[in-house]
Amino acid sequence: MGINLNTIQTVVNIKYLPTLVNNIFVEPYFLLAKIKQNYKTYNERKILVPLEYAKATNIGFVARGGVIAVTNEEILTDAQYTPSMFYGTLTLLKQDELEATSDMAVVNFLQTKMKNLQRSMESYMANYIWTRGTAEPTAPNWETIDHLVNNSGTITCGGITSTVPSWWKSNILTQTDFTDSLATETDLLNPNKDCYIKKLLQRVVALCVNVGGQDPDCIILPQYIWDMLENVLDAQKLGSVMTVKVGDFGFTAINYRGIPIVADYGMVYNQTGDTDGRIYALNTKYIYMYLNSNAAFKMEDFVRDTTSFDRSAPVGAYGNLATSCRRAQASIQGLYSPKAYVGL
């Protein structure tokens with residue numbers, strides 16, 4: 001006797017759906033895991049993100065019986081992001097239905113299918129967020145790091161158009177900001193050069209400016225630059241370079257001033273060449289994943305394909321990535337990072 005569709009739906013609903021939103025984007029993709037850790041929910045047509053773009057000025061000292069400032073200050077606005085559906089489809093072949101003839105076979109079969117779908121969606125998004133191009137992503141695509149973290153004075157982000165104000169720009173450095181060559185490995189390893197790898201770390205951390213004054217909470221870079229940095233720090237005997245865990249994620253990282261430095265393969269995948277390596281200093285307190293509470297990696301019912309014997313059920317996440325403080329993010333771009341160094 002073949003597998004019963006109602007049994008499949010029941011097992012999926014009870015065993016997998018309650019945990020999918022919690023399990024997806026946990027590993028092995030550090031940045032996605034960090035952003036997803038404190039995902040936010042919404043239920044409107046637009047995602048509205050409050051922006052704190054100025055400091056209050058009604059602050060100071062007052063003499064006895066003196067007058068204090070009580071003027072209304074405009075320090076908040078909001079960014080608007082358009083949600084769209086990120087999806088994956090679980091397909092059951094008719095032959096698989098006929099061959100799964102026990103409850104255990106159903107569980108094992110679905111476990112493999114669901115895990116594969118989860119990993120495939122993770123891999124797709126981990127590569128997608130590093131898509132090159134500072135232009136606003138074309139609907140229905142989600143936001144990318146390249147768009148959220150850039151210093152363009154004209155490109156719309158979060159609905160903020162016209163001339164982009166300085167507080168809505170990230171700090172980005174390229175080769176024009178250096179005398180020596182970011183694209184040359186010998187310069188990156190030479191302490192006498194202004195693009196020495198340790199100097200770049202100091203520079204990119206200093207570039208992260210926001211009203212709270214916090215340092216970035218992570219630095220993301222390609223594997224080649226990560227290994228180069230590890231060799232430099234280890235050669236200088238700067239104590240325990242490696243940390244066992246980053247937060248609750250279990251990623252191995254280089255610890256720099258208490259900031260974890262993590263390599264990202266998706267970043268390398270999207271490089272346009274061997275001199276398109278980048279270092280990102282990010283404060284993920286201001287980068288969010290918004291998910292509609294009714295479509296937070298929710299699976300719909302299985303339906304029969306009208307042109308075959310197979311059945312399928314989509315898993316959907318209706319939302320987007322967003323930022324509330326681009327000024328808290330920084331990047332140095334154009335570093336030597338050979339794509340062939342990692343297996344893609």
ask   = Do S308 and D305 have side-chain atoms, one donor and one acceptor, less than 3.5 Å apart?
value = yes
note = One should read off an interatomic distance between L51 CG and I160 CD1, to the nearest 0.5 angstrom, of 5.0 Å
key: Evaluation steps, side chain to side chain contact (heavy atoms under 4.5 Å, CB included), between L32 and M289   = CA-CA 9 Å; L32 274 178; M289 180 179 291; 4.2 Å; yes
query = Looking at CD1 of I145 and CD1 of I287, how far apart are the two atoms once the value is rounded to the nearest 0.5 Å?
reply = 5.0 Å
message = Working note: Y256 + V205, criterion side chain to side chain contact (heavy atoms under 4.5 Å, CB included); need CA distance, chi angles, decisive distance, verdict.
response = CA-CA 10 Å; Y256 177 73; V205 169; 4.3 Å; yes
key: F297 CZ to Y39 OH distance, which is reported to the nearest 0.5 Å   = 9.5 Å
Donor + acceptor pair across side chains of S324, Y288 (<3.5 Å) = yes
query = Which atoms form the tightest heavy-atom contact between T89 and S312, and what is the distance?
reply = CG2-CB, 3.7 Å
remark   = To the nearest 0.5 Å, atom CD of Q95 lies from atom CG of D310 at 6.5 Å
ask   = Among all residues two or more places apart in sequence or in another chain, which pass the side chain to side chain donor-acceptor pair (under 3.5 Å) test with S181?
value = T184
note = Sequence neighbours excluded, the answer for salt bridge (charged side-chain N to carboxylate O under 4.0 Å, His left out) partners of K113 is none
note = Residue set satisfying side-chain contact (heavy atoms from CB on, under 4.5 Å) with L117, at least two apart, ordered chain then number -> L90, M121, V315
ask   = Rounded to the nearest 0.5 Å, how far apart are CD1 of I261 and CD1 of I225?
value = 11.0 Å
query = In chain order, what residues pass the side-chain contact (heavy atoms from CB on, under 4.5 Å) check against P140, with sequence neighbours excluded?
reply = S84
ask   = Has F309 got more than 12 heavy atoms of other residues, nucleotides or ligands less than 6.0 Å from its CZ?
value = no
request  = Show the numbers, then the answer: is there a side chain to side chain contact (heavy atoms under 4.5 Å, CB included) between Y280 and I219?
outcome  = CA-CA 6 Å; Y280 280 88; I219 296 174; over 6 Å; no
For the student: nearest non-hydrogen atoms of W168 and T323, plus distance = CH2-O, 3.6 Å
query = Is it true that Y265 and W130 have ring centroids separated by less than 6.0 Å?
reply = no
request  = Tell me whether the guanidinium CZ or amine NZ of R119 lies under 6.0 angstrom from the six-membered ring centre of Y124 and within 45° of its axis.
outcome  = no
task = Only counting residues at least two apart or in another chain, list the ones meeting side-chain contact (heavy atoms from CB on, under 4.5 Å) with K169.
result = N151, V164, R327
Euclidean distance, Y336 OH relative to Y341 OH, rounded to 0.5 Å = 10.5 Å
note = In short, C195 meets D187 closest at the heavy-atom pair SG-CB, 3.6 Å
request  = Taking salt bridge (charged side-chain N to carboxylate O under 4.0 Å, His left out) as the test, write out the residues that go with R278, two or more places apart.
outcome  = D146, D276
